[in-house]
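What you are looking at is a predicted structure, and each value in this text was computed from that prediction instead of being measured. Every chain is numbered from 1, with letters handed out A, B, ... down the list of sequences.
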Number of protein chains: 2
Amino acid sequence: MKEATLKEIAHQLGISITTVSKALKNYPDVSEKTRKAVIALAEELHYTPNSFAVNLRTKESKTIGLIIPEVVHHFFSGVVNGIIAEAEKNGYLVIILQSNESLELEKKQVALLINKRVDGIIMSLSNESNNDAHIKEILHKEIPFVQFDKISKLIPSSKVIIDDQKAAMEAVQHLIDMGCKKIAHIRGLANPQNSIDRFLGYKKALEKNGIPFDSSLVYSCKSITFEQGVDFAKQILEEDKGIDGIFVITDLVAVGVLAHFNEKGIQVPDQIAVIGFSNWLVSQVITPKLSTVDQPSYEMGVAAFNLLLEEMVCRKEGKIFEPKTIELPTSIIMRESTMKKIEA
Amino acid sequence: MKEATLKEIAHQLGISITTVSKALKNYPDVSEKTRKAVIALAEELHYTPNSFAVNLRTKESKTIGLIIPEVVHHFFSGVVNGIIAEAEKNGYLVIILQSNESLELEKKQVALLINKRVDGIIMSLSNESNNDAHIKEILHKEIPFVQFDKISKLIPSSKVIIDDQKAAMEAVQHLIDMGCKKIAHIRGLANPQNSIDRFLGYKKALEKNGIPFDSSLVYSCKSITFEQGVDFAKQILEEDKGIDGIFVITDLVAVGVLAHFNEKGIQVPDQIAVIGFSNWLVSQVITPKLSTVDQPSYEMGVAAFNLLLEEMVCRKEGKIFEPKTIELPTSIIMRESTMKKIEA
DNA sequence: GGTGTTTTCGAAAACGTTTTCGATGAAAAT
DNA sequence: ATTTTCATCGAAAACGTTTTCGAAAACACC
């Protein structure tokens, strides 16, 4: 069974390939009669243009690449969703690659995308990644490029981010507003920027409210897991420092804290209030419902694609593109885990 | 800045395009000297082959398409993960499209993938979908095709599934083994096959154990949400029928049930045992930890890709391919929500 | 030096499309 | 009748690659 091509249609209709192509693309210089005949036959033969040939001619693939550390992650799923939806709306397809937080894999993925001649690349860096050769290659090839979430400031490209520091400040401020006097912070891994920023936000919030910073109230995760939360909760109870509020790097860990407090009969929020980060699904279904910081993941995806689109259009017109940075607002979601009945 | 091409390299080296191409692809009929020169210059110019041209020649895109109802879903994320990983291992790229459970969108997606000339398509049908024209088109174009999870038996293609009915039977059997005498079922939507199969499994398990089926113990979800679970839990307590075990269509709903039971001080599992389905992340972090049925999502992805690969290879060799169906085993994960202390 | 063999290279066609530019014929204007 | 305009079409080049097939050169053998 032969693939239907312009040539085949032209042959069967006894006309030229040119005319067939024009008929299908509504060029004005083809008569209504032949146009109808062409369209009819094209339909009959299930003709679909060969995108390779089209792309080869037009130099456009109408495809963008997306590299993220992990698909199976609530936040990234949301972003992916936003990007795909927006891309589709604009006639673009999305190739998704996973770096699995490995720099080596990330380099391979970039090479693949360049090879595929994608029209643009959206990327959230893996933890190890920085201003490396493979990123420079993207810029060198002048491929439109947008970073989101985990970015490197050293790389001159558009960016979509949230202000982790500010969001963290607001979270801690919320705890203070709820009457917490001694607030602990369970922070993330050492390196990632957002882990650092959230820690700094925590510190700033304390400072702003005249609460002295006490480094013994900061617990550092070795991994971002439920169990880690359980362990720190245990430790916090054993140490009995009089902590009455905890700001946790992310919901998953916070849920671990809640689980252990539940088990030990600690009243949340009345004895200890807990606030997480990222608004995972689980935060809404846990008891007590977990207060958290909402990151607009879907909107970040939309924004990232639109920035990319802007650059693609700009580049196509031969203009030079000035990278932009979009900072999306976060919001505190107040739920049971911080809503004390007796306010101070 | 010009893109590096074979022609450019050939020109600079004063040799033919043919030789350059051969040198880069390790053909035996090119001298070591020219090969080295070519490779050196290619590197210097950051040459990467234009995949459009390659694909146009070779008729292979080394890309597969994946259509799923939703990315932001624990189960699908796992499958996506498996597919991407396995595809990558074999040098394939994955284009992911979302149908959002809309038949119309699904049709559009299929058309897009066909247009992109993907080498194969993996798909989980949307709820509305069946043996429609767009699926027939895939088969008609002889594009390798694998269905997974939500499949249509009417479509002759390879399939990767789990035995929902058997899995449900085992779940209910587990409740019975734990001493439950009066078991309710919160079932899913009316149409989807897996919702029906799990219901049938529930029925069969009762039958097998000589427990009469009572349709008043079956509650039908209007939507798959946490709130739905809360509502049914409320209803079950109000009706006070002496139910001591519940098999729930999926973990999210089951967690809603648990939340309400927790609130009302119902002892789970001692008063009422609860088992869910799918092993969502949330089931491991809820209190009490939710027993559930594990679906091997990652493995399904791997299996799906490998079936597709098999068909792609087979087709390329001109042989006819006989569709296969792989049924992956599920397993009961016993956690706190069913482990009664006092067994009957 | 002739014959055969091996090594190394290149011309050319093909993949399917888009687009430019000119050709053709008919209708309209002079 | 001649020119001008207009509508409709097609030839051909180009995109960058792969691969077939034959040519040329280099070498070996008698």
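Between the side chains of B/Ser51 and A/Asn115, no donor-acceptor pair is found at a separation under 3.5 Å. Donor-acceptor pairing under 3.5 Å is recorded for the side chains of B/Ser16 and B/Thr19. A donor-acceptor pair shorter than 3.5 Å can be found between the side chains of B/Thr34 and B/Ser31.
Summarising the geometry, the separation between CD on B/Glu60 and C1' on D/dG16 is reported as 18 Å, rounded to the nearest angstrom. The CG-P distance, from B/Leu56 to D/dG16, rounds to 12 Å in whole Å. B/Glu3 places its CD atom 11 Å from the C1' atom of D/dG16, with the value rounded to the nearest Å. Straight-line distance from the CG atom of A/Asn55 to the C1' atom of D/dC15: 11 Å, rounded to whole Å.
Residue A/Thr19 has no polar side-chain atom (N or O) positioned under 4.0 Å from OP1 or OP2 of D/dC9.
We find that B/Lys319 and B/Glu311 are not joined by a salt bridge, their nearest charged nitrogen and carboxylate oxygen being 4.0 Å or further apart. In summary, A/Asp29 and A/Lys22 engage in a salt bridge, as defined by a charged side-chain N under 4.0 Å from a carboxylate O. Under 4.0 Å is where a charged nitrogen must lie from a carboxylate oxygen, and between B/Glu104 and B/Lys107 no such pair does.
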Quiz prompt | Annotated protein contacts, base or backbone, on nucleotides 17-27 of chain D with a non-hydrogen cut-off under 4.0 Å, one of B, S, - each | solution = BBBBB------

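The residue A/Ser51 sits apart from the nucleic acid: no heavy atom pair falls under 4.0 Å.
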